[in-house]
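Beneath this line is the structure, given in structure tokens, with notes to follow.
Bear in mind that the values here come from a model prediction, so they are computed numbers and not experimental data.
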Number of protein chains: 2
Amino acid sequence: MTALRRRSPPRTEAELLARARALAGHSLFEIACALRAPGDPEGGLHGKGQAGALLEAALGAPLTSGETHDFPELQVELKTVPLQKNGVPRESTYVCHFALDRAPTMEWSTSWARAKLHRVLFVTTSDSRTPWAERMVHGATLWTPDAEEEAVLRSDFEELVGLAAQGKVDDLVAARGQVMQVRPKAAHGGIRTTLQTEEGELIATVPRGFYLRARFVASILQRSF
Amino acid sequence: MTALRRRSPPRTEAELLARARALAGHSLFEIACALRAPGDPEGGLHGKGQAGALLEAALGAPLTSGETHDFPELQVELKTVPLQKNGVPRESTYVCHFALDRAPTMEWSTSWARAKLHRVLFVTTSDSRTPWAERMVHGATLWTPDAEEEAVLRSDFEELVGLAAQGKVDDLVAARGQVMQVRPKAAHGGIRTTLQTEEGELIATVPRGFYLRARFVASILQRSF
DNA sequence: CAGGATCCAATTGTGGATCCGG
DNA sequence: CCGGATCCACAATTGGATCCTG
């Protein structure tokens, strides 16, 4: 994403939400044009993950790294959710990395997962079946899990982390968890991390991440629009 | 199944189980030969549902109709479960018909489903990928749900019947139920039954039945062998 | 038909592998 | 690398439709 201008950070949630809603009805192409530096003709537009990066720039998210929110001041996370024509996401939504070897000391209340999910700006777009230039921003909503959602998330988290903590990696499959699941997250195929069982045996695994099931995100969005 | 001799009914569970275990290691072809009347050369052998009928005859189940057990004296139900090479059933196991219109007055404790599931003789065979004549009886086990299994079955039953009782036929999908599910059961395509909502509207549906999920049956069998 | 199963097209879910830019 | 998503082959599940026989 060469030479994209980046807006100044929003000062309040209301401002952030207003900016996001102002993007609704515009295509990614339009948004990219508006941000492109005057002399830059094209810039890398299409490609996986570029919609997210573009919207971050358009909304004024600072370039961050490590365990931070997209909008650190507001403690808000941005999630770009591509929707199929029927209005349902095709894929699960990535939450964060899951360091299996640290499972024994992880707790929901202090977890990175909970921090990220505590306040989320969902921005919906057309999905990648529609050509890049025509992909539209559909809408935006700010979400905080209600008591029931928080309870289910916590119970899923505890189940999944519990399995990892016991070294039961073979039970740590995507089918586990009502609304949040664990799936592979490998930047380059075949990278292996290792962890130890209680009995001390070493297990090689693929790196993992937490994901929200598409069903769950669909239900959140449905109630918000 | 023309001219199959039918053994006399077993007098005890032990006798029934012994007979079933005696069939293990034999092919359906052998079993059919042994039961065939002396002059009958072939008899309708293959075809859907014929393994079940053959084993009923071989074990001495009387020909019954209506809401009875396969072995009425013993109150035992026979279920023939074909297993894939990996030892897991490919399909769910039919339990009994589900008359949606009678849901409002159905209770687990007095239900046909519970009566049938209270004592089951599972006989495992090769599945229908292997040619009929070579299909083997693998083993047999008598099962009664333990407290935990009974609780899950009851809760599934109550959920499913509850949905039907409320006329929520659209929610009565195969994904409902941890171990028992409701699926279509139509003898001839397109038969419709109707039922009424609380508000009196008529809903046309396909006939349904209760089924045990393949996973559940697999777990029962795994612990029994 | 009822009871006993089986078949099967199509949808959904799983388990990774891959791509991009800073 | 890392975070942001996407892609995709394959497996499992669904929602019926079909078949046989007494």
**Message:** Just checking B:Tyr94 against B:Phe210, ring centres under 6.0 Å apart?
**Reply:**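 Distance test on ring centres: not under 6.0 Å, no.
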
What is the nucleic acid contact for [X], judged by heavy atoms within less than 4.0 Å: base, sugar-phosphate only, or nothing?
X        : value
A:Ala175 : sugar-phosphate
B:Thr80  : sugar-phosphate
A:Arg213 : sugar-phosphate

Round to the nearest Å and state the distance from [X] atom [atom1] to [N] atom [atom2].
X        : N      : atom1 : atom2 : value
B:Glu56  : C:dG3  : CD    : P     : 12 Å
B:Arg129 : C:dC7  : CZ    : P     : 7 Å
A:His97  : C:dG16 : NE2   : C1'   : 16 Å
B:Arg90  : C:dC7  : CZ    : P     : 8 Å
A:Gln50  : D:dT6  : CD    : P     : 10 Å
B:Met180 : D:dT14 : CE    : C1'   : 18 Å

**Message:** If you count heavy atoms of other groups shown closer than 6.0 angstrom to CD of A:Gln178, is the number above 12?
**Reply:**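 No - once you tally the heavy atoms of other residues, nucleotides and ligands closer than 6.0 Å, there are 12 at most.
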
**Request:** Could you check A:Arg208 against B:Ser92 and say which one's nearest nucleotide on DNA chain C is further toward the 5' end?
**Result:**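 By nearest-heavy-atom nucleotide position, the 5'-most residue is B:Ser92.
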
**Prompt:** Closest nucleotide of DNA chain C for B:Arg135 versus for B:Thr64: which of these residues is on the 5' side?
**Reply:**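 Nearer the 5' end of the strand: B:Thr64.
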
**Message:** Quick check on the helix from C:dC1-D:dG22 to C:dG22-D:dC1: what's the angle between its two end axes, five base pairs per end, to the nearest 10°?
**Reply:**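 One end's axis against the other's: 30°.
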
Sort me out a list of protein N/O and nucleotides 10-12 of chain C N/O pairs below 3.5 Å, or just none if empty.
none

**Asked** Is there side-chain contact between B:Leu121 and B:Leu16, with heavy atoms separated by less than 4.5 Å?
**Response**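 Yes, their side chains come closer than 4.5 Å.
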
**Message:** Testing the 3.5 Å rule here: is there a donor-acceptor pair between the side chains of B:Arg135 and B:Ser27?
**Reply:**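 No, no side-chain donor-acceptor pair sits under 3.5 Å.
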
**Asked** Where the side chain of A:Ser224 meets the backbone of A:Ile220, is there a donor-acceptor pair that is under 3.5 Å apart?
**Response**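 Yes; judged by distance alone, with no hydrogens or angles, the pair exists.
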
**Given D:dG16, D:dT6, C:dC7, the nucleotide with the shortest approach to the side chain of B:Pro184** =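 In terms of side-chain proximity for B:Pro184, the closest of D:dG16, D:dT6, C:dC7 is D:dG16.
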
**Prompt:** Quick one: does A:Glu91 reach the base of D:dC7 with a side-chain donor-acceptor pair under 3.5 Å?
**Reply:**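 Donor-acceptor pair under 3.5 Å: yes.
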
**Salt-bridge criterion met for A:Arg119 and A:Glu77 (N-O under 4.0 Å)** =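 No, this pair does not count.
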
**Prompt:** Under the 6.0 Å and 45° cation-pi test, does B:Arg208 pair with B:Phe98?
**Reply:**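 Output no; distance or angle outside limits.
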
